[in-house]
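Convention: sequence-line order gives letters A, B, ...; per-chain numbering from 1.
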Amino acid sequence: MKPNVLAKKIGFYALIIIAWQGIDSAEIWPDNIFPSPFEVLEDLAYGISDASLFFGIGTSLLRLVIGLGIAIAGGLVLGIFMARVETVNQTIGSLVLGLQSIPSIAWVPLAILWFGLTDSGIIFVTAIGAIFAVTINTYTGVKNINPSYIEAARNMGAKEGQLIITVLIPAAFPYIISGFKQGWAFAWRGVIGAELLFSFLGLGFLLNVGRQLNDVSQVIAIMIVIMGIGILVDGVVFKRIEDKVMTRWGLR
Amino acid sequence: MKPNVLAKKIGFYALIIIAWQGIDSAEIWPDNIFPSPFEVLEDLAYGISDASLFFGIGTSLLRLVIGLGIAIAGGLVLGIFMARVETVNQTIGSLVLGLQSIPSIAWVPLAILWFGLTDSGIIFVTAIGAIFAVTINTYTGVKNINPSYIEAARNMGAKEGQLIITVLIPAAFPYIISGFKQGWAFAWRGVIGAELLFSFLGLGFLLNVGRQLNDVSQVIAIMIVIMGIGILVDGVVFKRIEDKVMTRWGLR
Amino acid sequence: MGKLEAKNIEKYFKHDGKQLKTLDGINLNVNDGEFVCIVGTSGCGKSTFLRTIAGLETPDSGKILLDGQPLSDTGPDRIMVFQEGALFPWLNVRDNVEYGLKVAGIPKEKRNEISHRYLDMMQLTQFATSYTYQLSTGMKQRVAIARALVMEPDVLLMDEPFAALDPQTRDLLLVEMQLIWQKTKKTIIFVTHNVAEAVVLGTRVLVFSHRPAKIKKEVEIDYQRPRLTDDENLLPYQKKILAELRPEVKK
Amino acid sequence: MGKLEAKNIEKYFKHDGKQLKTLDGINLNVNDGEFVCIVGTSGCGKSTFLRTIAGLETPDSGKILLDGQPLSDTGPDRIMVFQEGALFPWLNVRDNVEYGLKVAGIPKEKRNEISHRYLDMMQLTQFATSYTYQLSTGMKQRVAIARALVMEPDVLLMDEPFAALDPQTRDLLLVEMQLIWQKTKKTIIFVTHNVAEAVVLGTRVLVFSHRPAKIKKEVEIDYQRPRLTDDENLLPYQKKILAELRPEVKK
Amino acid sequence: TFFSDSDQINEDKIRVAFFPSIGHIIPIVGLEEKIFEKGIGEEKQIETKLFDSGPQVIESIFSGSIDVAYVGPGPIINGFLKSDGKDIKILSGAASGGASFIIQPNSGLESLENFDGKRIASPQISNSQDVSLRYYLESHGLKSVEKGGTVFVLNISNPDIYTLFAKGDIDGAWVPEPWATILVQELDGVRLFNEEKLWPNEEFASVLLIVRTKYLENNPETVQKWVESHEKTVTWINSNPNKSKSLFSNFLMDYMGKSLPTKIIDESFSNITITSDPIKNSVIIFAERADSLGYLGRDGYNLDGIFYNAVLNVNNGDL
Ligand SMILES: Nc1ncnc2c1ncn2[C@@H]1O[C@H](COP(=O)(O)OP(=O)(O)OP(=O)(O)O)[C@@H](O)[C@H]1O
Ligand SMILES: Nc1ncnc2c1ncn2[C@@H]1O[C@H](COP(=O)(O)OP(=O)(O)OP(=O)(O)O)[C@@H](O)[C@H]1O
Ligand SMILES: [Mg+2]
Ligand SMILES: [Mg+2]
């Protein structure tokens with residue numbers, strides 16, 4: 001990150017924290033429903049000192065990576081299929097959108113039924129939460145490829161399999177990346193949500209403990225950790241890939 | 001829909017129901033945790049006969065429309081801003097991704113705090129759930145616009161405001177539509193999830209009732225209704241817009 | 001009105017990690033109402049120069065003045081016909097042509113009237129409601145020309161506008177262009193790789209050297225109008241220009 | 001090898017709700033190793049015809065035969081240079097040129113060797129690692145030509161490949177094309193709006209009538225090679241063709 | 001709250017929260033029989049709000065959108081402490097007992113030696129059953145896995161406990177009514193014991209009536225009337241058990257579109273004592289147990305003033 005970008009970011013988040021402290025000092029809401037940044041920091045420090053936070057993050061991230069991996073693989077295949085075979089779009093495609101409108105909470109009974117109280121159940125809920133974003137972005141990206149790229153490739157003898165690898169995926173890549181980015185956010189949300197419901201280690205579990213104990217500052221502390229990791233991954237992983245792709249395509 | 005498309009769809013869903021009946025007949029799981037399609041149908045018929053289902057659907061849809069409306073308006077503005085102003089992207093943009101990874105369940109305390117136990121609280125959770133998909137798709141769409149369109153428009157005297165209306169939105173429209181589609185799915189999921197947590201009328205409430213009364217067939221019946229509406233809206237609203245746009249762009 | 005000055009324009013592009021000098025200090029004065037044609041080898045920097053005048057490219061040094069005022073941004077006073085159409089695929093042919101007028105706030109009726117005139121000139125009336133994917137390459141090019149002409153700007157920048165047209169259509173448009181120019185007396189800068197075309201249109205033809213581009217030669221064409229491509233009297237001008245151009249390719 | 005027959009090809013397109021007849025029963029026999037040029041007005045249907053041969057457009061009636069076999073799909077036996085480049089923006093120049101070879105499974109070293117040769121011919125060696133947005137229009141066109149030539153197909157379909165090139169570069173490539181053709185004796189179908197070009201290249205020039213396209217006239221060019229554009233002996237052929245073409249525009 | 005109904009505009013109402021569950025039969029029957037309506041009179045309108053999670057009730061009280069509520073002791077103690085004793089007061093008891101330890105028939109959990117590696121579920125972290133289960137384990141020298149022990153304690157919602165129990169994925173569950181009975185009747189679970197067996201006098205507060213302190217200060221008479229009606233309802237229920245059960249069943253039907261089988265309602269109800277005695281002692285003990293499990297924060301706790309004693313003529317229990 002360039003120094004001035006970093007400065008902007010730091011400034012922005014500092015501003016938010018100052019505003020937060022300001023609202024807290026104005027005493028509009030009592031502390032039990034609106035804690036000060038300091039209290040939240042304390043909770044964070046505590047979580048760090050007894051390592052429970054790191055353990056939670058580690059557990060959640062591991063589940064996330066597996067779930068997201070499945071979602072990405074499945075979403076890519078499904079999205080390309082839907083874009084290329086109209087029948088698949090008309091059948092499975094419509095189902096995917098339907099499935100996506102079901103909240104994770106409703107998947108939990110099925111996940112428990114199929115996988116029991118295992119990591120697999122959480123991973124299932126995670127993957128289900130993310131797959132749609134990957135699928136639909138891949139689909140849209142592939143559908144909107146300039147037809148002359150496909151024509152040129154076919155003309156030069158590319159068969160469907162080669163076409164997918166050498167044209168469809170690279171041509172739709174700017175959108176596929178966007179799908180991964182969203183898939184990531186939804187998977188992250190999915191894993192936390194599932195942990196919350198399964199109450200089975202991880203950050204979601206810690207969040208649930210905060211909620212059950214009506215400990216708002218712990219809830220906010222965990223939310224900040226979740227967001228922080230989200231922002232970090234976006235900045236470190238996705239932003240870079242995106243910048244690279246955009247530069248290459250002459251869009252920047 | 002053309003007759004053969006309809007036939008394909010009916011065939012596909014018939015197949016799913018047959019498979020379901022097959023699993024049920026195989027008696028892998030007891031009926032009280034895995035009901036047969038017939039039992040679910042019975043529950044649906046019951047919900048229709050006492051009109052509770054329609055009332056639930058109506059309530060949920062109303063909340064959805066408002067929440068989605070807010071998400072679409074906000075997401076469009078935010079997405080375009082992020083794509084056009086790098087500073088906005090670096091600051092608010094990164095925050096959006098972070099916010100999106102927070103599960104709706106974690107928003108509920110804040111929603112209750114800010115809006116109380118009102119429709120507004122549910123709408124807030126709904127809009128928060130959907131806004132990101134709209135934002136990020138708009139962002140991606142605008143970022144990937146062929147630069148020569150923008151150059152041509154600027155050359156012919158379009159200022160930023162006109163550029164947005166006459167070029168950025170129409171040029172990114174295939175992706176914006178995809179954002180709406182995803183926004184819809186997440187808003188629908190958001191509204192159900194919020195109703196479930198607020199326990200306050202609507203389909204989500206009915207789903208929760210099914211869970212609390214341990215009535216698996218009611219849970220599945222409501223899930224099917226949720227999905228059905230998702231599929232219907234996709235087929236009737238989004239598919240049409242998409243087809244129209246694609247035809248006009250020569251992509252079909 | 002349309003007096004254009006380019007002062008020592010330099011432009012670099014990055015290729016393979018190295019800076020590639022593209023415009024090498026171009027100096028040019030174009031008087032109001034002049035019709036200047038530019039010829040040069042493929043990739044020498046003609047489009048880049050035109051884009052710089054349009055305000056779409058920022059020069060690494062030097063500046064562009066319009067009527068003595070330095071320019072920094074795009075403006076509807078300098079309308080460009082892009083080498084690669086850049087038509088809007090979400091608008092039909094008529095709406096594409098009317099785009100600039102709409103942006104300028106011209107009322108619908110007036111717009112229709114103007115666009116009708118130019119679509120007719122481009123023989124596209126029949127395709128007014130077609131979308132760009134339904135057009136042949138040459139038809140798209142004609143839409144792009146019409147889209148620029150309707151604007152009647154102080155300075156018209158045209159980047160190989162006739163490249164995809166058959167000789168007959170091209171000849172017709174060469175006459176039309178001369179009529180328009182004579183009537184409106186606008187400043188026109190016209191890039192072409194067709195020397196005959198340059199000689200028919202220009203009051204002056206500039207020959208660009210190969211990368212980095214410099215103005216290698218200027219040829220005044222002082223001859224009656226309207227000129228036709230097969231006018232034998234124009235051949236000497238063509239020869240002169242070709243002779244300047246030839247050594248550039250093998251460089 | 002490369003004997004191509006078009007039998008009564010008809011094609012309609014929808015415009016403004018009405019069916020527009022574009023190809024009006026075209027019959028054509030091209031022998032193996034012939035070099036056929038097609039000229040016609042803008043929008044008459046040249047590209048559509050070429051795309052039909054390539055298998056990218058399905059005719060509404062009639063069929064295309066290659067060596068007596070009816071064709072239905074695309075195939076690497078008929079490689080096309082598209083009128084609008086269709087280069088892959090995610091690949092650099094070299095990878096674009098090597099694309100077809102890679103798809104055909106040619107090993108990397110061999111590919112590099114071939115692409116190097118053609119990039120050199122197109123004077124693009126310096127830009128091998130550039131991406132398409134970094135190229136001028138004429139450079140893109142040359143990449144597209146190289147991408148097709150490396151394939152050495154039975155039938156080469158070229159849709160105005162030299163349209164964006166300056167006369168010098170074009171003259172060089174006209175000679176190269178003739179050499180390649182003489183060496184490989186492939187079948188080439190070449191669309192152009194430049195009659196001089198058609199006459200230099202073709203063993204036969206077809207004049208298409210304006211929409212709907214029919215073959216209005218065939219002109220055999222029986223003259224020694226390599227031919228040059230400024231060869232006065234070719235002028236009569238040009239005149240003949242232009243005379244056929246002229247009435248088509250005002251239609 | 002910031003964006004919605006503030007206290008001022010809601011002073012002509014009394015907003016009551018409870019669960020659609022058998023332990024909350026007092027507000028259900030009292031509202032159906034119009035006992036509360038008569039007791040409160042004309043000047044306040046009763047607004048009901050159904051919940052299914054205690055912490056959320058507390059959140060709603062914090063945000064001022066609920067005035068009185070029926071909740072279990074776990075969330076009440078948390079809420080009281082989190083608001084530094086300011087936002088909540090316990091007015092009265094509502095139910096005692098009503099939780100059981102249900103085990104799989106062949107799990108071997110009858111004997112404490114067999115707990116190693118077993119999976120036992122309770123509904124929510126820090127709720128009444130969870131505290132009881134964990135305390136039960138610790139008092140027998142057993143530890144849960146996350147504390148370095150051998151027993152898996154799983155916090156999952158009741159419906160999911162049901163599914164897991166049916167699949168045989170869990171060996172036991174510490175659940176409230178009616179889930180305890182459902183596990184027994186539908187899934188052949190064995191009721192190892194009723195939780196009250198572990199408490200002094202075999203009684204402990206499982207549902208309590210609380211009030212938002214601000215509301216109490218502004219509307220002491222309304223609250224007084226509510227508590228009196230609450231008392232009346234307790235008496236009514238205890239003298240009309242069958243009528244009460246069918247009212248409960250009808251309530252489920254009306255509000256949720258479905259009811260539970262009569263057999264389940266009967267057995268569940270028989271495991272609960274409806275009383276207005278808050279059994280203060282059990283609340284204090286509960287807090288001690290929760291604290292010993294680390295649920296009450298890192299800085300100690302103080303329950304002074306959690307019981308509101310200024311209401312006259314009602315059963316306030318004694319300490
Ligand atoms: N996809 C399409 N949909 C509708 N109409 C089309 C389509 N493609 C081509 N046409 C129409 O067919 C006619 C012939 O187009 P074609 O591209 O073959 O012309 P051409 O001879 O190659 O012209 P040019 O010299 O300008 O490239 C045109 O009128 C065009 O509008
Ligand atoms: N965006 C860019 N990035 C990098 N290099 C560029 C860019 N635009 C142009 N160039 C380079 O600048 C040089 C001149 O390009 P330009 O498009 O001006 O040529 P031109 O004279 O218009 O050629 P043509 O006749 O082929 O259109 C070329 O070498 C090209 O590679
Ligand atoms: Mg150029
Ligand atoms: Mg063409």
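- No part of C:K46 comes within reach of chain D, as not one of its non-hydrogen atoms sits under 4.5 angstrom from that chain.
- Using bins of under 30°, 30° to 60° and over 60° for the plane-to-plane angle, the ring pair D:F88/D:Y99 lands in the perpendicular bin.
- Heavy-atom pairs under 4.5 Å with chain C peak, among D:N92, D:L20, D:T137, at D:T137.
- No donor-acceptor contact under 3.5 angstrom links the side chains of D:T41 and C:D166, judged on distance only.
- The contact between C:D171 and chain D is made entirely by side chain atoms (from C-beta outward), counting heavy-atom distances below 4.5 Å.
- For the side chain to side chain contact (heavy atoms under 4.5 Å, CB included) test with D:V200, the passing option among D:Q178, D:Q238, D:M177 is D:Q178; the others fail.
- Counting heavy-atom pairs closer than 4.5 Å to chain C, the top-ranked of the candidates D:H15, D:R142, D:M139, D:K14 is D:H15.
- Interface summary for chain D: among C:S47, C:G138, C:A163, C:A128, the most heavy-atom pairs under 4.5 angstrom belong to C:A163.
- With a threshold of 4.5 angstrom between heavy atoms, C:Q141 does not approach chain D through any atom at all.
- With a 4.5 Å cut-off on non-hydrogen atoms, C:S42 touches chain D through its backbone and its side chain both.
- Proximity to chain D is limited to the side chain of C:E84, based on heavy atoms less than 4.5 angstrom apart.
- Heavy atoms closer than 4.5 Å to chain D are found in the side chain of C:F127, but not in its backbone.
- Judged purely by distance below 3.5 Å, without hydrogens or angles, the side chains of C:D16 and D:T129 pair a donor atom with an acceptor atom.
- Heavy-atom distances place the side chain of D:E160, and not its backbone, under 4.5 Å from chain C.
- A donor-acceptor pair under 3.5 Å links the side-chain atoms of D:R227 to the main chain of D:Y223, judged by distance alone.
- Using modelled atom types, one finds no donor on one side chain facing an acceptor on the other under 3.5 Å when comparing D:N112 with D:S115.
- A salt bridge links D:K21 with D:D24: the closest approach of a Lys/Arg side-chain nitrogen to an acidic carboxylate oxygen falls below 4.0 angstrom.
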